Amino acid sequence: MTTLGDLAKLVRSKNAGPFWLTIDIMFDDAEAYRRARDAEIVNRAAIARLYNRDPADIIVVNHDVALAIKVSFPRPQSSGSKLDSDAYGGQQYAPLLGLEVPA
Amino acid sequence: MASFPLVSATGMLGSGFRTESLDKAISLGARMIGCDAGSTDPGPGPLATGTCMFSAAAVKRDTEIMMTRAMKAGIPLIIGSAGTSGSDAGLAWMVDILREIAREQDLHFKLAVIHSELSREVVRQHLRDGRTRALSPSGPLSDADIDASTHIVGMMGVEPIQQALTAGAQMIVAGRSSDTSIFAALPLLEGYSPAVVWHMAKILECGAAAVAVRTAPDCMMAVLHEDSFDVFPLREDYRCTPQSVASHTLYENADPFELKEPSGTLRTDKARYEAISERAVRVSGSQFVHDPEYTIKLEGVRQVGYSTILMGGVRDPYILAQIDDWLAQLDDNIKTRIRNTVGDLAYEIVTRVYGRDGVMGALEPQRRSVGGHEAFILWDVISESQELSRTIATSLSHLAVHNPIAKWHGLISGVAFPYSPPEIDRGPVYEFHLNHVLVPDSPTSLFRSEYEEL
């Protein structure tokens with residue numbers, strides 16, 4: 001079984017401003033990128049389920065030149081506010097790593 | 001066709017760069033030095049308190065190298081979002097540092113300082129005039145939002161910086177600026193294509209972040225042409241690749257193909273990235289679409305109270321197995337205790353359980369239980385005064401330690417506190433609460449500039 005974590009060269013999460021979170025799933029060869037992209041495992045329904053979000057709020061973009069899949073959605077609370085535990089948004093990507101990529 | 005070379009000293013003023021990299025950029029004919037000094041990444045603290053995320057020593061080191069090189073070469077130096085937040089306090093802090101450098105290095109030049117802090121009254125006036133817009137996911141701006149604001153800054157576009165350049169300023173220190181405006185102001189003034197300029201600026205604003213493998217922050221250089229730009233690092237061991245440069249549009253943006261500026265939107269979906277050497281990439285094909293409305297993004301913070309925190313660990317497997325119930329019971333006990341001691345004053349206790357969902361909170365898909373053999377608990381007591389938060393926290397620590405479980409008969413000691421006393425006052429705490437834009441009278445109307453011959 002191959003997971004997204006196995007296949008990617010870098011998976012990272014960051015703030016996109018204080019009110020949004022964004023996750024970059026990056027690959028270092030076109031074949032691995034296309035395999036992950038074409039499997040369509042990173043989609044709005046899957047992200048909504050993993051992160052308990054409304055699918056309507058989720059943006060998923062495939063960037064063919066950057067060999068990257070990008071996911072963005074509003075944060076449950078603004079960065080550094082009293083209910084937030086990750087001011088930089090840097091540790092919010094882990095649930096994606098275990099997604100299985102079909103051969 | 002002419003070309004326009006320029007350099008970004010580093011992605012964040014105070015994070016450092018190699019002197020020889022900047023010297024090399026100057027020798028290659030850089031016509032300006034730019035440097036972004038701001039971020040909302042550290043959370044609301046810098047804007048709330050006017051403090052910079054880097055030390056004065058770190059910022060002085062970077063600024064001194066930029067100032068001496070810019071003045072010797074006779075090219076403008078533009079620093080945006082001074083002091084991390086761009087607030088008046090952050091700006092004043094930055095100006096103190098540059099004055100000290102000018103004195104020590106015997107540098108003489110025309111300085112422009114551009115303020116971006118907005119009074120509540122100015123924002124209120126725009127709200128009354130129907131000139132505010134909400135950004136996703138926030139609702140419309142209200143008077144209450146404005147009244148609660150501790151500090152508000154507006155994120156300037158290129159126009160206030162261009163005004164200062166036209167006035168002959170050799171060094172410009174701007175309050176909150178869009179990261180790109182720092183690098184776009186002068187090339188746009190020189191007549192280069194907005195699509196080329198804004199895309200270049202987006203790549204340059206983070207310094208060497210767009211190289212393939214960055215081991216330490218450093219400078220990045222771009223050369224603008226009529227319908228493309230070239231970008232390359234100054235360090236010989238760094239290289240830009242089409243993928244590394246294209247990837248940078250992903251960074252800290254919700255959508256890599258649509259990058260919003262005050263005057264319009266850069267669209268990069270049709271951009272072409274071409275390697276022109278081992279280390280340089282040529283970029284072309286982006287579009288810049290002017291928006292019907294010119295908008296200034298607001299950043300604002302409000303105080304939510306005073307915080308006292310308590311940290312403790314739990315190792316007992318019986319407590320860990322029932323941690324949700326154990327915490328709910330503690331919550332009940334503390335409510336009763338606080339009602340009996342201080343009455344009905346408002347307070348909140350935010351409990352983070354590391355080992356369960358401490359890192360991700362509401363986003364954690366595996367919230368079911370504590371997985372490991374120990375857990376770390378961070379209690380954050382927030383109320384209207386430090387004294388009240390501390391009063392509550394001291395009751396909380398006592399009740400938490402002795403919070404019973406059915407398994408053990410008798411008084412338990414169920415929390416390991418690493419510090420004595422366990423309660424730590426954190427002072428006032430803040431949150432970002434403005435996610436809105438203003439439609440200003442003009443692109444420069446909100447930003448006041450001061451000029452001085454040093």
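Computed from a predicted structure; not experimentally measured.
A:Pro74 and B:Pro137 make their closest contact through CB-CG, 3.6 Å (heavy atoms, listed as atom of the first residue, atom of the second, distance). Taking both residues in full, the closest heavy atoms of B:Ala254 and A:Trp20 are given as CB-CE3, 4.1 Å, listed atom of the first, atom of the second, then distance. The shortest non-hydrogen separation linking A:Val65 to B:Tyr273 is CG1-CD1, 3.5 Å. Across every non-hydrogen atom of A:Leu83 and B:Arg352, the tightest pair is C-NH2, 3.8 Å.
A:Pro18 touches chain B through backbone and side chain together, each having a heavy atom under 4.5 Å away. For A:Phe27, the part lying near chain B is the backbone, with the side chain staying farther off; criterion is any non-hydrogen pair under 4.5 Å. In this structure, no portion of B:His248 lies under 4.5 Å from any heavy atom of chain A. Only the backbone of A:Asn62 comes within contact range of chain B, with heavy atoms under 4.5 Å apart. Neither the backbone nor the side chain of A:Arg49 comes within less than 4.5 Å of any heavy atom of chain B. Contact annotation for A:Ser78: only side-chain heavy atoms (C-beta onward) come within less than 4.5 Å of a heavy atom of chain B. Residue A:Ser85 touches chain B through both its backbone and its side chain, counting heavy-atom pairs closer than 4.5 Å. For A:Ile23, no part sits under 4.5 Å from any heavy atom of chain B, backbone or side chain. Only the side chain of A:Asp24 comes within less than 4.5 Å of a heavy atom in chain B; its backbone stays farther off. Only the side chain of A:Arg12 comes within less than 4.5 Å of a heavy atom in chain B; its backbone stays farther off.
A:Arg53 places no side-chain N or O within 3.5 Å of a backbone atom of B:Leu363 that could act as its donor or acceptor partner. The closest donor-acceptor contact from the side chain of B:Gln243 to the backbone of A:Ala66 lies under 3.5 Å.
The choice from B:Thr241, B:Leu135, B:Asn253 that makes the most heavy-atom pairs within less than 4.5 Å of chain A is B:Asn253. Each of B:Tyr430, B:Tyr354, B:Tyr251 has some count of heavy-atom pairs under 4.5 Å with chain A, and the biggest count is that of B:Tyr251. For chain B, the option among A:Asp86, A:Leu67, A:Asp57 with the highest count of heavy-atom pairs below 4.5 Å is A:Leu67. In terms of heavy-atom pairs under 4.5 Å with chain A, the best-connected choice from B:Val350, B:Val359, B:Val304, B:Val301 is B:Val359. Among the candidates A:Val61, A:Asp64, A:Asn52, the residue making the largest number of heavy-atom pairs closer than 4.5 Å to chain B is A:Val61. With chain A as partner, the option from B:Gly45, B:Ala271, B:Pro256 having the largest number of non-hydrogen pairs under 4.5 angstrom is B:Pro256. Ranked by heavy-atom pairs under 4.5 Å with chain A, the first of B:Gly358, B:Ser136, B:Gly43, B:Pro242 is B:Ser136.
Distance OH/A:Tyr51 to CD/B:Glu364: 9.5 Å, rounded to 0.5 Å. Within the model, atoms OG of B:Ser244 and CE of A:Met26 stand 9.0 Å from one another, a figure rounded to the nearest 0.5 Å. Atom CG in A:Asn15 sits 9.0 Å away from atom CZ in B:Phe432 (nearest 0.5 Å).
Two residues are said to be in side-chain contact when any heavy atoms from C-beta on lie closer than 4.5 Å; B:Met360 and A:Pro95 meet this criterion.
Checked for salt-bridge contact, A:Lys70 and B:Asp255 miss the test: no charged N lies under 4.0 Å from a carboxylate O. With respect to A:Lys82 and B:Glu348, a salt bridge is recorded, a charged nitrogen being found less than 4.0 Å from a carboxylate O.
The side-chain contact (heavy atoms from CB on, under 4.5 Å) test with A:Ser81 singles out one residue from B:His433, B:Arg302, B:Glu431, and that residue is B:Glu431.
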